[in-house]
Amino acid sequence: MEVIMFLSILLTLKFILFTYLIKVQFNRIAIILVSTLISTFILSLIFRSKGEDKGKKALIFYTIVSVIMLADAAYYAHFNSLPNVLAIKQVKQLTAVGQSLRVLLNIKISILVLDIPFIAYIMKKTGYRTIIDKKIRKIAPTIVGIMLFAVLISLNSKGYLATVKAQELYTYHIVDITDTILGKNKVLKEENILRDEDIEELKSRARLKEGKHTGLGKGKNLIVLQIEGLQDFVIDLQYNGQEITPNLNKLVHDKSSLYYDNYHQLLGRGNTSDAEFVSNNSLHPSMEEPTYTQYENNTFYGLPWLLRDNGYTAWVFHGYEKEFWNREKAYVNQGFQRFVSEEDYEFEEVLGFGIRDEDFYTQTIEYLKELDNIDENPFYAFIISLSSHTPFKMPEEYNVLDIKEEHRDNMIGDYFQSIHYADKALGEFIDNLKKEGLYEDTVIALYGDHFAISAAQEVEAPLMTELLGREYDFDEMMHIPLIIHIPGGEIGETISILGSQIDFYPTIANIMGYDNLKGLVFGRDLTNYQGYTYIAPQTYMLKGSFIDDDILFEISRDGIFEHSRAINRNTRETIDLEEVREKSQRVIEEIDKSNYILKTDFLKEWEK
């Protein structure tokens, strides 16, 4: 078979699979057609060129396109969106998440590249020969180019071009690269979208307001634990006659604890590191690069700075490489005075992503004692755990739970074993705080960094719906717990206002009793705020999507509002899209204001 036709047909088959893997819902045939015509056009140009290595060039092109599809599909499987060109900077992070990557590269995705060695062998055996007539070879690019142009004009006239640009392989990446080079996403200082009334409103959110539990933690140490992969559904879950998280359950029901049971993740491109950023700063994360990378040198006034201004010493603890997610450099402007990282810990056994939680917590206690002895003032310790990181594969000795047959050999059973271990290590850490005299005078806050089980997974999502007895959608997937424990306080309460990590800073600042005079925050004090709240996710759901008490609204993957999905969270029935348009626009405006603050380094110049 002629090489051009052979490779074009193979790529077409891959484009069909690719659109399935990235869940194209609208105009799928048109998207596949555009991809095929672009591929055929490029191949015809290759075979029109001079030289004797046309076949090799065609094979290289075929390989590159296949690998791009593989990378896009794997990224989509994890983030439910296509990557931007700046994600290339994160390639160095892949070595650290090798196990997770192997889970993502399932057989369906791997098919995109598995044929390459065989195609290379066949083409080499045939000497990369082409038998196409020279006249046809000369006019083929023109013919295919005219066909492609006609298809694009037709799609544009029908209003479908936006769908193609948002999901078709070539046009998506061309538009993304062009926008990045031209700086389309940059904001000029002259384009001020923060009005005076906006600034005053954000200042008002930041200010301390006397209310319930205000100042209960004033003068006390603060330990914040960000627990890897901790979702809310495991709290109080009785599974096969077992408690998955007995220590967390005990903490939730302690008379000295506040449990926020309607709390959610809010991430950007930096995943776990953005959970940290959002929680400490109450700003929306970047969707271009990890926030710690893109805004490493910005001026911030988050929780570490607020506490430092009130005499605290702020340290951060994470048992992994200090360069990962650019933490070492970013933490300086975040306000942390010392970063205790992997190189500061001694350990022999690697569990999942890195150091075992048991070893990490045990040695962290020693550092906390050092931190406590610096002076007479209290301390702020921000602690990030590791062991319950995806893909949750634990050595057999740690698999102590009796897992149901339907959950064995899939992520649910593995997650239960992993989070059960993390819970055990956490319980031991709290016991050690008590033994070392660090417990009574310390506020302990903990939350999950992000989901563990994706609502987009074909196997696990239906099993989760069956397990929980309710639909496992994005609202349930993003649901994480927040627990704030104040030893000795008679405050035991469950607070059910809807919130997310963007609300952590104003919530904990109220409990610690320190007035934020210098910062702007986008969150609310969940303990006392009585108004309307919503979640504005930009990962897994696109910008403009939102979740509130009654509605889950998901912007369509092709960016067309009319193709979007809105459902009632209680009945799961469809809602008229026009009912949510105004709320979606409000969400976009809020995110844009936060982006403006980041892009212009607004807090650096702002007269506080």
Side-chain angles (χ1 to χ4, degrees), residues 70 73-80 90 93-110 226-231 233-234 237 239-240 242-248 265 271-273 275 318-321 324-325 342 345 347-361 384-428 448-464 467 472 477 480:
L70 174 82
Y75 190 94
Y76 191 96
H78 187 66
F79 292 102
N80 211 41
Q90 300 175 44
Q93 315 279 21
L94 294 180
T95 56
V97 292
Q99 276 191 300
S100 302
L101 189 61
R102 285 191 289 274
V103 170
L104 292 177
L105 294 178
N106 58 44
I107 188 62
K108 292 179 183 176
I109 295 176
S110 299
Q226 181 171 288
I227 309 297
E228 179 66 48
L230 175 61
Q231 289 191 239
F233 76 87
V234 296
L237 178 66
Y239 176 82
N240 225 7
Q242 307 156 105
E243 280 187 288
I244 301 296
T245 55
N247 291 296
L248 283 167
Q265 70 178 53
N271 223 31
T272 297
S273 64
H318 186 39
Y320 197 64
E321 298 169 0
F324 197 66
W325 292 127
E342 180 185 69
Y345 290 89
F347 61 99
E348 295 180 1
E349 181 178 10
V350 172
L351 191 60
F353 197 63
I355 185 175
R356 291 191 315 169
D357 278 0
E358 286 176 271
D359 298 328
F360 173 60
Y361 287 139
I384 308 148
S385 77
L386 267 176
S387 292
S388 45
H389 193 282
T390 182
F392 318 117
K393 294 294 184 182
M394 304 285 287
E396 192 59 38
E397 63 190 279
Y398 298 101
N399 293 333
V400 300
L401 294 175
D402 181 20
I403 300 298
K404 295 179 181 179
E405 184 65 34
E406 62 266 30
H407 300 145
R408 294 176 188 168
D409 300 321
N410 65 47
M411 195 170 282
I412 296 175
D414 292 339
Y415 174 62
F416 283 161
Q417 301 284 16
S418 177
I419 204 66
H420 182 73
Y421 167 78
D423 175 84
K424 174 178 176 290
L426 176 64
E428 293 171 355
D449 63 346
H450 54 66
F451 76 91
I453 310 295
S454 173
Q457 289 171 322
E458 295 179 5
V459 174
E460 284 80 4
L463 288 172
M464 286 297 298
L467 173 70
Y472 192 71
M477 167 186 136
I480 57 175

Min side-chain heavy-atom separation Leu351-Met394 under 4.5 Å: yes
Heavy-atom closest pair, residues Phe233 and Leu237: O-CB, 3.5 Å
Set of residues satisfying salt bridge (Lys or Arg N to Asp or Glu O under 4.0 Å) with respect to Glu405, sequence neighbours excluded: Arg408
Nearest non-hydrogen partners of Leu386 and Gly354, listed with the distance: CD1-CA, 4.1 Å
side-chain hydrogen bond (donor to acceptor under 3.5 Å, both in side chains) involving Glu428 - partner list, sequence neighbours excluded: Lys424
Atom pair CD/OG of Glu460 and Ser454 - distance to nearest 0.5 Å: 9.0 Å
Crowding at CG, Asn240 (>12 non-hydrogen neighbours, <6.0 Å): yes
Test item: Tyr421 side-chain N/O and Glu358 main-chain N/O as donor-acceptor pair under 3.5 Å: yes
Any donor-acceptor N or O pair under 3.5 Å, side chains Asp357, Ser387: yes
Salt bridge (Lys or Arg N to Asp or Glu O under 4.0 Å) against Glu348, all qualifying residues, sequence neighbours excluded: none
Minimum-distance pair of heavy atoms, taken over all atoms of Tyr361 and Ala425: CD1-O, 3.5 Å
Residue pair Asp449 / Gly229: nearest heavy atoms and the distance that separates them: OD1-N, 2.7 Å
Distance (rounded to the nearest 0.5 Å) between Ile384 CD1 and Tyr320 OH: 13.5 Å
Note, Phe324 side chain near Glu342 side chain (heavy atom, < 4.5 Å): no
Any residue meeting ring-ring contact (aromatic ring centres under 6.0 Å, His included) with Tyr472, in chain and number order, not counting sequence neighbours: none
Set of side-chain hydrogen bond (donor to acceptor under 3.5 Å, both in side chains) partners for His450, sequence neighbours left out: Glu228, Thr272
Donor-acceptor contact present, side-chain Thr245 to main-chain Asp423, <3.5 Å: no
Value rounded to 0.5 Å, distance of CZ in Phe451 from OG1 in Thr390: 8.0 Å
Which residues share a ring-ring contact (aromatic ring centres under 6.0 Å, His included) with Tyr345, sequence neighbours left out: Phe360, Tyr367
Rounded distance [0.5 Å steps], CD1 in Ile109 versus CG in Leu70: 7.0 Å
Residue pair Ile453 / Met464: nearest heavy atoms and the distance that separates them: CG2-CG, 3.7 Å
Minimum heavy-atom distance Tyr415-Leu230, with the two atoms named: OH-CA, 3.7 Å
Value rounded to 0.5 Å, distance of NE2 in His420 from CG in Asn247: 8.5 Å
Check: Gln242 side chain, Tyr239 main-chain N or O, donor-acceptor pair, under 3.5 Å: yes
Any side-chain heavy-atom pair of Tyr398 and Arg356 under 4.5 Å: yes
Distance in Å, Leu426 CG paired with Leu248 CG, rounded so as to fall on 0.5 Å steps: 5.5 Å
Phe392 and Met411, any side-chain heavy atoms less than 4.5 Å apart: yes
